[in-house]
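All figures in this text were calculated on a predicted structure; none of them were measured in a lab. We use all heavy atoms of the structure for the numbers below, so side chains are in, but hydrogens, waters and symmetry mates are not.
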Amino acid sequence: MTSLTTLLEVKNLNVKYGASHVLHDVSFSVAKGQALALLGRNGMGKTTLIKALLGQLSRHSGDIIWRGNDKLLQHDAPHIAAQAGAAYVPEGRGLFASLNVLENLTMTARRGNSTTEPAWDLDRVLTLFPRVKQRLHHAGNQLSGGEQQMVAIGRALMTNPDIIFLDEATEG
């Protein structure tokens, strides 16, 4: 039974790429305030798992339960996961090179829903990443790898998510 504090529960998730069975009966849960790290060498399925959870890949079988609702994320539609409170920092960061740092950060901004936790806004992100504040008017492709990673994480935080999926979190 899923508790009220459980944000995400995965039960016996299987994902295939054609005939290749990549994820085999993956099960875990994440409660509010918890962190979960998936470790493994390249090709072990970490990115595949994240993409399946976010609706970017179809699953062969298994359940993804978001806040006790086993129907919400049953569709392969990434926007549904985003609307439900999931944020994604992709491998390679995915910054928009034609936008400056400020635009990259504010394009995803959403008001926070919590009355007990402070919202992630531009000031809070810039306090967390003071180097980014110095680079606000630089294009996304004019930053170092580490600076780009800070902007990508800041952009995810600006959505005020309930959960963040970081793919290759230490890249850059």
Asker: With a 3.5 Å distance limit and no angle check, can you tell me whether D63 reaches the backbone of I65 through a side-chain donor-acceptor pair?
Answerer: no
Asker: Within the structure provided, determine whether L105 and L126 are in side-chain contact (heavy-atom separation under 4.5 Å).
Answerer: yes
Asker: Might you point out which heavy atoms bring L13 and A52 nearest each other, and give the distance in Å?
Answerer: CD2-CB, 4.4 Å
Asker: Looking at L23, is its backbone amide N or carbonyl O close enough to the side chain of H21 to form a donor-acceptor pair, meaning the two atoms are under 3.5 Å apart?
Answerer: yes
Asker: Do D25 and N14 pair up side chain to side chain, a donor and an acceptor below 3.5 Å, judged on atom types alone?
Answerer: yes
Asker: With a 3.5 Å distance limit and no angle check, can you tell me whether E91 reaches the backbone of D167 through a side-chain donor-acceptor pair?
Answerer: no
Asker: Checking the side chain of N104 only, and the main-chain atoms of F96 only, is there a donor and an acceptor separated by less than 3.5 Å?
Answerer: yes
Asker: Which atom names give the shortest non-hydrogen contact between S29 and T6, and what distance separates them?
Answerer: CB-CG2, 4.2 Å
Asker: Donor-acceptor pair, T108 side chain versus M158 backbone, under 3.5 Å?
Answerer: no
Asker: I need the minimum non-hydrogen distance between G140 and L95, along with the two atoms involved.
Answerer: O-CD1, 4.0 Å
Asker: Applying salt bridge (Lys or Arg N to Asp or Glu O under 4.0 Å) as the test, list every pair that has at least one member in residues 128-146; sequence neighbours left out.
Answerer: R131-E147, R135-E147
Asker: What pairs with K51 under side-chain contact (heavy atoms from CB on, under 4.5 Å), at least two apart in sequence or on another chain?
Answerer: T47, Q56, L57, Y88
Asker: Which residues pass the ring pair (Phe, Tyr, Trp, His ring centres under 6.0 Å) test with H138, sequence neighbours left out?
Answerer: none
Asker: So, the side chain of T106 versus the backbone of L102: is there a donor-acceptor pair under 3.5 Å, distance only?
Answerer: yes
Asker: Do W66 side-chain atoms and A84 backbone N/O form a donor-acceptor pair below 3.5 Å?
Answerer: yes
Asker: Would you check if the side chain of R155 reaches a backbone N or O of A109 as a donor-acceptor pair within less than 3.5 Å?
Answerer: no
Asker: Identify the heavy atoms of L53 and V10 that sit nearest to each other, and give their distance.
Answerer: CD2-CG2, 3.5 Å
